[in-house]
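I have placed the structure first, in the form of structure tokens, so that the comments after it can refer back to it.
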Amino acid sequence: MQFTQRTNTCGELSLSDVGKTVALNGWVADKRDLGGVIFINLRDRYGVTQITVNSENKGVYDSAKSLGLEYVISASGKVQRRTSSNPKMKTGEIEVLADKIEILNTSEVTPFVVEEEVKASEELRFKYRYLDLRRRKIASNLEMRSRVYGIVHRYFERHGFVEVETPILMKSTPEGARDYLVPSRIHKGEFYALPQSPQTYKQILMVAGLDRYVQICKCFRDEDLRADRQPEFTQIDLEMSFVTEADVFRMCEGVIYDIWKEAKGVGLKLPLPVMSYDEAMETYGTDKPDLRIKGWLKIVNITGSVKGSEFKVFTDAINSGGIAAGIKLSSVDVTRKIIDSLTEYVKQLGFGGLGYIKYNADDTASSPMLKFLSEEIQNKIKNDFNSQAGDTLFILSGEKAKVLSSLGSLRLKLAEMFNLFDESKDEFLWVNDFPLFSYNEEEKCFVANHHAFTMPKEQYLKNLESKNKDDILSIRADCYDMVCNGSEFGSGSIRIHRPDIQKKVFNVIGLTDEEAKQKFGFLLEAFTYGAPPHGGFAFGFDRIIATLCGTRDIRETIAFPKTTSAVSPMDGSPSPVDEKQLKELGLKIT
RNA sequence: GGAGCCGUAGUUCAGUUUGGUUAGAACGCCUGACUGUCACUCAGGAGGUCGCGAGUUCGAGUCUCGUCGGUUCCGCCA
């Protein structure tokens with residue numbers, strides 16, 4: 001098809017182009033018909049330029065008149081200075097006076113108007129994603145994503161990494177997340193799984209001596225979704241041989257540094273701070289603390305100070321092995337209404353109520369629980385928090401883990417209520433020394449927290465053989481997360497490369513030799529042929545991009561996202577298949 | 001699997017509290033007028049399975065139950 005091809009994009013013409021004859025190709029974003037003159041905003045990926053059509057040119061005028069929104073046109077003419085410029089537009093000082101308009105394609109009336117401040121719901125935007133993507137905002141998210149691919153590739157190439165593609169069709173392992181399964185036609189009744197991560201492959205690449213592996217890869221997990229969780233997502237997956245945790249930290253923060261520097265123009269301070277899991281839990285009530293929150297708002301354990309008080313709620317909790325702890329909110333006038341809503345909130349978390357102490361300007365304190373607390377205890381509490389007039393303490397008591405995590409939630413809630421986030425910068429940190437195991441109360445067994453190949457810290461190796469539950473739970477691992485703004489950016493670990501340790505770990509999680517062999521036999525066998533010490537990491541790529549784009553919703557950074565029920569609104573997957581296809585696969589729907 | 005919120009014109013919403021005439025608004029769409037707009041303006045018009053299904057009622061967008069979809073959170077996500 002012949003048409004006048006563009007000489008320029010819709011985002012680049014300026015006063016210096018005045019007088020030139022140009023051609024633009026793009027979509028009709030807006031049309032303002034004033035009778036004798038028609039203004040068209042022509043849009044492409046690069047911007048918007050105003051096309052002006054004068055009634056003196058009858059042919060051009062008539063085609064301009066017939067244009068609808070989202071028609072694809074080619075407009076040619078002379079660039080001229082506008083009589084009144086539009087400071088809101090990058091190209092607002094010029095316009096193209098059209099002497100030719102070719103309609104390259106028409107458009108049906110769109111289900112929603114393509115405009116930057118889009119009004120349509122997410123569902124509709126995802127169904128007609130190709131219209132949504134015409135918006136600069138979403139397109140620039142994809143451009144950001146593309147730019148970061150490049151930064152990542154360049155960084156790891158510079159550091160001698162080998163990018164290896166690992167299989168998408170792999171062996172299903174029942175550990176971890178639920179697998180997406182793919183039936184085998186040739187081997188009826190057998191299935192591949194889509195990778196939850198290339199974990200086993202990258203470890204085997206270390207056995208192979210590849211030494212430094214990286215891959216930007218798709219991963220698949222058949223679990224329930226969230227705003228920051230899609231059934232398929234992208235990781236920056238890496239693994240290194242002959243390394244310690246510190247080596248992995250340096251390599252991983254290096255790529256984050258480059259990304260922030262090149263994509264955002266922000267220089268991060270390295271090395272990133274490191275916080276142990278225990279400190280994170282005890283101070284922030286979460287393993288992914290958001291350090292952007294201004295003010296103190298840290299958790300303080302006051303169990304020691306209130307021990308022996310007459311307040312039954314505290315003593316009951318402490319006597320049954322629990323704790324009392326709280327957080328301090330400063331410089332906020334905490335009203336009755338606020339306390340009521342916070343109380344309602346902690347009740348949803350399973351607490352009977354929320355304790356609070358308000359410190360007044362006249363150096364008195366108000367709280368319904370003061371009458372149960374001696375002056376000495378009151379002073380101790382005040383001291384624990386270093387409380388001043390204007391501060392309010394919120395206190396919970398009960399089982400330790402529950403109190404801490406609930407105070408962690410409360411901390412976020414308060415920060416949100418009172419706008420305490422410092423949005424001016426991103427706050428990174430490493431969280432390390434995670435517990436190797438946790439205890440599954442339902443199944444009455446230990447489970448590996450990260451995965452079964454995570455190396456216990458050296459000083460805990462002897463605990464692996466203990467029969468005591470607390471000894472097992474106390475084991476800390478060379479396992480770490482990178483956290484940014486309260487969101488887990490990625491996680492990794494140093495892996496077990498010695499069969500004797502591996503065997504003990506399998507023992508703890510109740511995996512017999514036989515079962516281990518069946519599930520991970522190929523990996524364990526590989527390890528018998530000289531596995532080097534190795535460790536690695538995997539970044540959640542979508543979350544990195546979301547943070548760079550200033551959103552928490554990773555759907556905004558994915559070209560064709562799925563809904564929370566794992567449906568793709570645009571192509572309508574998943575969908576039924578032909579009986580014939582099922583038959584070939586030897587499958588029957590029940 | 002559990003809980004909350006939402007579902008009304010092509011779109012975004014109001015109307016649901018307290019059931020009652022012909023279900024409204026804005027944007028978009030169609031027709032017409034208009035030579036400097038950029039949220040153009042002005043005049044006129046079309047457009048509805050109130051998500052779906054039962055039930056209560058003389059009468060349901062409105063109340064009840066169920067169901068489907070979207071979304072947020074918990075569980076889940078080594």
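Just so it is clear: chains get the letters A, B, ... in the order the sequence lines come, proteins before strands, and each one is counted from 1.
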In whole angstrom, give me the gap between the [atom1] atoms of [N] and [M].
N	M	atom1	answer
B:rC6	B:rG10	P	22 Å
B:rC29	B:rC73	P	36 Å
B:rG53	B:rA9	C1'	23 Å
B:rG69	B:rC40	P	39 Å
B:rC68	B:rC27	P	38 Å
B:rC65	B:rA60	C1'	15 Å
B:rG75	B:rG70	P	22 Å
B:rG2	B:rG24	P	40 Å

Separation of [N] [atom2] from [X] [atom1] (nearest whole Å):
X	N	atom1	atom2	result
A:R125	B:rG69	CZ	C1'	18 Å
A:Q235	B:rC77	CD	P	16 Å
A:K562	B:rU71	NZ	C1'	18 Å
A:L349	B:rC74	CG	P	10 Å
A:E416	B:rC73	CD	P	10 Å
A:L225	B:rG70	CG	C1'	13 Å
A:E117	B:rG28	CD	C1'	17 Å

Students often get this wrong, so: under 4.0 angstrom with heavy atoms, is [X] touching a base, only sugar-phosphate, or nothing?
X	answer
A:R555	sugar-phosphate
A:A452	nothing
A:I38	nothing
A:N449	sugar-phosphate

When both hydrogen-bonding distances must be under 3.5 Å and the geometry is Watson-Crick or G-U wobble, what is [N] paired with, if anything?
N	value
B:rA39	none
B:rC77	none
B:rA3	B:rU72
B:rU64	B:rA54
B:rG44	B:rC30
B:rU22	none

Does any donor atom in the side chain of [X] or [Y] lie under 3.5 Å from an acceptor atom in the other side chain?
X	Y	result
A:Q196	A:D179	yes
A:Q518	A:E514	no
A:S474	A:N463	yes
A:D237	A:Y213	yes
A:Q50	A:R32	yes

Give the intermediate values and the outcome of side-chain contact (heavy atoms from CB on, under 4.5 Å) for residues A:V114 and A:R43. CA-CA 11 Å; A:V114 179; A:R43 173 198 341 104; 3.6 Å; yes

Should A:R226 be listed as having a side-chain N or O under 4.0 Å from OP1 or OP2 of B:rG75? no

List the protein contact pattern of nucleotides 5-12 of chain B with one symbol per nucleotide (5' to 3'): B for base contact, S for sugar-phosphate-only contact, - for none; contact means a heavy-atom distance under 4.0 Å. -----SSS

Counting primed atoms, P, OP1 and OP2 as sugar-phosphate and everything else as base, the B/S/- map of nucleotides 35-44 of chain B against protein heavy atoms under 4.0 Å is BBBBSB----

Record whether the side chain of A:R221 comes under 3.5 Å of the base of B:rC77 through a donor-acceptor pair of N or O atoms. no

Parallel, tilted or perpendicular, judged at 30° and 60°: which one describes the rings of A:W430 and A:F249? parallel

Aromatic plane relationship, A:F539 with A:F537 - under 30° parallel, 30 to 60° tilted, over 60° perpendicular: perpendicular

With a cut-off of under 6.0 Å to the ring centre and 45° to the axis, is A:K413 in cation-pi contact with A:Y345? yes

Tell me whether A:K218 forms a cation-pi arrangement with A:F541, defined as NZ or CZ under 6.0 Å from the six-membered ring centre and within 45 degrees of its axis. no

Strictly by side-chain hydrogen bond (donor to acceptor under 3.5 Å, both in side chains), give each pair with a member in residues 559-573 of chain A just once, sequence neighbours left out. A:E232-A:K562, A:T563-A:S565, A:S568-A:D571, A:D571-A:S573

Nearest heavy atom decides the nucleotide; on that basis, is A:S197 or A:S565 closer to the 5' end of RNA chain B? A:S565

